[in-house]
Number of protein chains: 2
Amino acid sequence: MRYSNATNYALHTMVHLMLQPEDSAVGVQELAEMQHLSPTYLSKILTKLAKAGLIESTPGAKGGYKISRKKHEISFLDVIHATEGDTSLFDCSIHHEGCLIENVMRQAEENMKAELKSKLLINIAKEAEAKQK
Amino acid sequence: MRYSNATNYALHTMVHLMLQPEDSAVGVQELAEMQHLSPTYLSKILTKLAKAGLIESTPGAKGGYKISRKKHEISFLDVIHATEGDTSLFDCSIHHEGCLIENVMRQAEENMKAELKSKLLINIAKEAEAKQK
DNA sequence: ATATTAAAGACTCTTAATATCTTTAATTAA
DNA sequence: TTAATTAAAGATATTAAGAGTCTTTAATAT
Ligand code: SF4
Ligand code: SF4
């Protein structure tokens, strides 16, 4: 069980977009080169992020992607939900009433999600930027 | 990203073995029927559990599986490690020094694992048994 | 010896992730 | 209006992992 590569790419892209000047759109071409990915592949991931409302896209010349207005509220969990979906990690198809096993597995997952929800991308981006200087 | 079915089967098998009378070995045949699985498939999972020291196997007539001496120490995490391996969920192959993204992802995973480690199977088994009565 | 049972190996099947190529639609700029 | 640019969508191919079966081997009890 592993996070998909798509999640990794999404996180990096989000951090990068966070650090762009306001109102400057970045094209998938540039974003893909940065991470050594094919533009079409990254495009699929970006479309997911856009559908989740985390970034905004404008087609056409001078178009591209920029971070959404929610910039300062976006958590790791938001990005992960966009790429991985939000189904439970442990999904027993049976769901016996009040199942104790499920209870434990779900609670554990909640603990992970709580942490991911508490960490905002903007803070990581700023920290990373400060570090580089 | 989902836990494998194997983990589900392993957890159920462990709970079942926990509730067996002392020193009674149960064959894979019986364990497989219980969960509507093929014996050979379940056998692979059981072998993993045995290698991890969670159960003990004895081949030959009257053989089978029984819970290990560590019965009262076995956590959910132990079982999950046996079936899923213990590699990190988020594994960026690059590992930049002091990477902030990895930090967050790792911490979140630790929070999940802490919960899984704190829950002992024996307690769930006893509870489930009490419930059925 | 024979029956029983776990372990291991080789193999198949299915599914999800990864990735590419092509077409379509939207937007800008000339 | 036309051409250039760029995201979105669709179709398809490739890869890797999970799920599962069948067969053979080794260990144990009777
Ligand atoms: S006991 Fe829980 S985990 Fe097991 S089959 Fe029922 S619902 Fe699923
Ligand atoms: S910054 Fe962190 S997650 Fe990104 S490539 Fe470097 S080590 Fe990997």
Side-chain angles (χ1 to χ4, degrees), chain A residues 1-10 12-13 17 23-33 35-68 80 82-93, chain B residues 1-10 12-13 17 23-33 35-68 80 82-85 87 89-93:
Chain A
M1 180 170 67
R2 240 177 38 91
Y3 283 107
S4 68
N5 295 343
T7 291
N8 185 322
Y9 303 144
H12 283 86
T13 304
L17 290 179
D23 293 332
S24 81
V26 184
V28 68
Q29 193 69 39
E30 186 181 332
L31 294 167
E33 268 175 30
Q35 303 178 66
H36 311 107
L37 297 176
S38 88
T40 34
Y41 178 44
L42 183 59
S43 171
K44 306 251 181 228
I45 297 166
L46 294 178
T47 299
K48 283 188 186 178
L49 294 175
K51 287 213 169 119
L54 306 182
I55 59 178
E56 289 162 22
S57 68
T58 50
K62 291 285 178 180
Y65 297 93
K66 58 178 165 241
I67 212 77
S68 93
I80 291 170
T83 54
E84 303 277 343
D86 61 354
T87 61
S88 179
L89 295 189
F90 182 83
D91 191 15
C92 170
S93 50
Chain B
M1 181 171 66
R2 242 177 39 91
Y3 283 107
S4 68
N5 295 344
T7 291
N8 186 322
Y9 304 144
H12 283 85
T13 304
L17 290 178
D23 292 333
S24 81
V26 183
V28 69
Q29 192 70 39
E30 185 180 334
L31 294 168
E33 268 174 30
Q35 302 177 68
H36 311 104
L37 298 175
S38 89
T40 35
Y41 178 44
L42 183 59
S43 171
K44 305 244 181 234
I45 297 166
L46 295 177
T47 299
K48 282 188 186 178
L49 293 175
K51 287 215 168 118
L54 306 182
I55 58 178
E56 289 163 22
S57 69
T58 50
K62 291 285 177 182
Y65 297 91
K66 59 177 164 241
I67 210 76
S68 93
I80 291 170
T83 53
E84 303 276 343
T87 61
L89 295 189
F90 182 83
D91 192 14
C92 168
S93 50

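Basis for what follows: all heavy atoms, side chains included, without hydrogens, waters or symmetry-related copies. In what follows, every chain begins at residue 1, and chains take the letters A, B, ... in the order their sequences are listed. Note that the coordinates shown come from a computational prediction; the quantities given were computed from them, not determined experimentally.
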Among [options], which nucleotide sits nearest the side chain of [X]?
{"X": "A/Thr47", "options": "C/dT22, D/dA8, C/dT18", "value": "D/dA8"}
{"X": "A/Ala61", "options": "C/dT28, D/dA7, D/dG20", "value": "C/dT28"}
{"X": "A/Ser4", "options": "C/dA17, C/dA6, D/dA7", "value": "C/dA17"}
{"X": "A/Asn5", "options": "D/dT6, C/dA7, C/dT18", "value": "C/dT18"}
{"X": "B/Pro59", "options": "D/dA8, C/dA6, C/dT27", "value": "C/dA6"}
{"X": "B/Lys51", "options": "D/dA29, C/dA8, D/dG20", "value": "C/dA8"}
{"X": "B/Tyr41", "options": "D/dA8, D/dG20, C/dT18", "value": "D/dG20"}

| said: Can you work out whether B/Ser38 or B/Glu84 has the more 5'-proximal nearest nucleotide on DNA chain D? | reply: B/Glu84

| query | Does a distance-only test, which skips hydrogens and angles, find a donor-acceptor pair under 3.5 Å between the side chain of B/Lys44 and the base of C/dG9? | reply | yes

Nucleotide [N], atom [atom2] - distance to [atom1] of [X] in whole Å:
{"X": "A/Leu49", "N": "D/dA7", "atom1": "CG", "atom2": "P", "value": "13 Å"}
{"X": "B/Asp91", "N": "D/dA16", "atom1": "CG", "atom2": "P", "value": "16 Å"}
{"X": "B/Lys62", "N": "C/dA6", "atom1": "NZ", "atom2": "P", "value": "13 Å"}
{"X": "B/Gln35", "N": "D/dG20", "atom1": "CD", "atom2": "P", "value": "12 Å"}
{"X": "A/Ile55", "N": "D/dA7", "atom1": "CD1", "atom2": "C1'", "value": "10 Å"}
{"X": "B/Ile45", "N": "D/dA17", "atom1": "CD1", "atom2": "P", "value": "18 Å"}
{"X": "A/Leu37", "N": "D/dA7", "atom1": "CG", "atom2": "P", "value": "15 Å"}
{"X": "A/His36", "N": "C/dT20", "atom1": "NE2", "atom2": "C1'", "value": "19 Å"}

| N or O in side chain of B/Ser57 less than 4.0 angstrom from C/dT5 OP1/OP2 | no

| request: Answer yes or no: does a side-chain N or O of B/Tyr9 lie under 4.0 Å from OP1 or OP2 of D/dG18? | output: no

| query | Do B/Tyr3 and B/Asn8 have side chains that get closer than 4.5 Å, going by heavy atoms? | reply | no

Nearest 0.5 Å please: distance from the [atom1] atom of [X] over to the [atom2] atom of [Y].
{"X": "A/Ser4", "Y": "B/Met1", "atom1": "OG", "atom2": "CE", "result": "8.5 Å"}
{"X": "A/Thr13", "Y": "A/Leu37", "atom1": "OG1", "atom2": "CG", "result": "7.5 Å"}
{"X": "A/Asp86", "Y": "A/Ile80", "atom1": "CG", "atom2": "CD1", "result": "12.0 Å"}

| field | Side chain B/Thr47, main chain B/Ser43, donor-acceptor under 3.5 Å | value | yes

| Any sub-3.5 Å donor-acceptor pair from B/Ser68's side-chain atoms to B/Gly53's backbone N or O? | yes

| message | If you assign each of A/Thr7 and A/Gly60 to its closest nucleotide in DNA chain C, which residue comes earlier from the 5' end? | response | A/Thr7

| query | Considering heavy-atom distances to DNA chain C, does B/Gly27 or A/Pro39 have its closest nucleotide positioned more toward the 5' end? | reply | B/Gly27

| message | Mind checking if A/Tyr3 touches a base, just sugar-phosphate, or nothing, with heavy atoms under 4.0 Å? | response | nothing

| said: Considering every strand and a 4.0 Å limit on heavy-atom distances, what is the contact class for A/Thr40: base, sugar-phosphate, or nothing? | reply: base

| request: Look through every strand shown and name the nucleotide pairing with D/dT30 as Watson-Crick or G-U wobble, where both distances are under 3.5 Å. | output: C/dA1

